[in-house]
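Down below is the structure, laid out as C-alpha cells.
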Amino acid sequence: VVLTKKEIKILQRIEFALDKAIIKAESKNIVEAVASVLSSHPEIKLLEVQGHTDNLGKRGYNRQLSKKRAEAVVSALVALGIDKGRLRSVGFGDSKPIKSNLTAAGRQTNRRVQFVIIKQSGTPSATIKTK
C-alpha cells in the first residue's frame, strides 16, 4: 500500500466472490493494510472508497454491484476500528475505465476498488507494505 497526497494506492486488487459483494479471504490483508494507514494517519479526515466494474452486463446492475462492493470494503474497515465518519462509499460501475474494455486484461483492470482522499489536514506521504 502506498499513501500519496491524493489516495491510498493499493498494489494488489481487492478480490470479490463472483457477482457478489463478498471480499475474498486472500484480500483481507489488503483491507487491513488500508486500515493500518488510516489508523496511522488521522489527518485523513474523509476517504472515498470507490467501486468500479467493467462494461459487461447491464449498466444499472454494474453500478449497484460496484456500490455494494465499496460498501463491503467500508464495512470491513469499520470492523477493523476505522471511524465510519471518515469513510464514504461510491459505486461508479463502468463509467470510469482506466483500460480498454475490449480485452479481458483491460476488463480485469477496470474491475477495481480505489481509495481517494477527499479531505485531509496536512500532507501525508508514506509507504506501507502489505503482508
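The model shown is predicted, which means the values in this text are computed figures rather than measured ones. Keep in mind that the numbers below use all heavy atoms, side chains included, and drop hydrogens, waters and symmetry copies. Sequential numbering from 1 along the given sequence is applied to the chain's residues.
- Counting all heavy atoms, side chain and backbone alike, S66 lies closest to T53 at CB-CG2, 3.8 Å.
- Distance check, rounded to the nearest 0.5 Å: CD1 of I14 to CD of Q12 gives 10.0 Å.
- Listed by first and then second residue, the side chain to side chain donor-acceptor pair (under 3.5 Å) pairs involving residues 14-26 are R13-E15, D19-Y61 (not counting sequence neighbours).
- Both F16 and L80 are assigned to one and the same hydrophobic cluster, defined by single-linkage of ILVMFWY side chains at heavy-atom distances under 4.5 Å.
- Here NE2 of H41 is found 9.0 Å from CD1 of I117. Values are rounded to the nearest 0.5 Å.
- Residues A35 and I82 approach most closely at O-CD1, 3.5 Å, considering heavy atoms.
- Using a 4.5 Å heavy-atom threshold, the side chains of P97 and D54 count as separate.
- The shortest non-hydrogen separation linking S89 to V74 is CB-CG2, 3.9 Å.
- In terms of heavy atoms, I23 sits closest to A76 at CD1-CB, 4.0 Å.
- Using modelled atom types, no side-chain atom of S27 and backbone atom of I30 make a donor-acceptor pair closer than 3.5 Å.
- Not counting sequence neighbours, N62 has no partner by the side-chain hydrogen bond (donor to acceptor under 3.5 Å, both in side chains) test.
- In this structure, the side chain of S75 engages the main chain of E71 through a donor-acceptor pair within 3.5 Å.
- In I98, the CD1 atom is crowded: over 12 heavy atoms of neighbouring residues, nucleotides or ligands sit closer than 6.0 Å.
- Distance CD1/I22 to NZ/K68: 11.0 Å, rounded to 0.5 Å.
- The shortest distance between side-chain heavy atoms of F115 and V37 does not fall below 4.5 Å.
- Neither L65 nor V73 shares a network with the other; the hydrophobic side chains, linked directly or stepwise wherever heavy atoms of I, L, V, M, F, W or Y lie under 4.5 Å apart, form separate groups for each.
- Taking hydrophobic clusters as Ile, Leu, Val, Met, Phe, Trp and Tyr residues chained together by side-chain heavy-atom distances below 4.5 Å, L38 does not share a cluster with V116.
- In this structure, CD in Q50 is found 7.0 Å from CD1 in I118, a value given to the nearest 0.5 Å.
- F92 pairs with exactly one of R112, H52, K67 by the side chain to side chain contact (heavy atoms under 4.5 Å, CB included) rule, that one being H52.
- Taking CG from L56 and CZ from R111, the interatomic distance works out to 7.5 Å, rounded to the nearest 0.5 Å.
- Counting all heavy atoms, side chain and backbone alike, R88 lies closest to L46 at NH1-CD2, 3.8 Å.
- V78 and I8 fall within a single hydrophobic cluster, where Ile, Leu, Val, Met, Phe, Trp and Tyr side chains are chained together by heavy-atom contacts under 4.5 Å.
- Taking T109 as the reference, nothing meets the side-chain hydrogen bond (donor to acceptor under 3.5 Å, both in side chains) condition, with sequence neighbours excluded.
- A donor-acceptor pair under 3.5 Å is formed between the side chain of Q120 and the backbone N or O of K5.
- When the side-chain hydrogen bond (donor to acceptor under 3.5 Å, both in side chains) test is applied to R86, no partner is found at least two apart in sequence or on another chain.
- Side chains of N101 and N110: a donor on one and an acceptor on the other come within 3.5 Å.
- Judged as a salt bridge (Lys or Arg N to Asp or Glu O under 4.0 Å), and not counting sequence neighbours, the contacts of K9 are E7.
- In terms of the side-chain hydrogen bond (donor to acceptor under 3.5 Å, both in side chains) criterion, N55 has no residue partners (sequence neighbours excluded).
- The two residues G51 and A70 come nearest to each other via the heavy atoms N-CB, 3.8 Å.
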Task: Check against side chain to side chain contact (heavy atoms under 4.5 Å, CB included), I44 and L3 - done: CA-CA 11 Å; I44 299 173; L3 176 59; 3.9 Å; yes
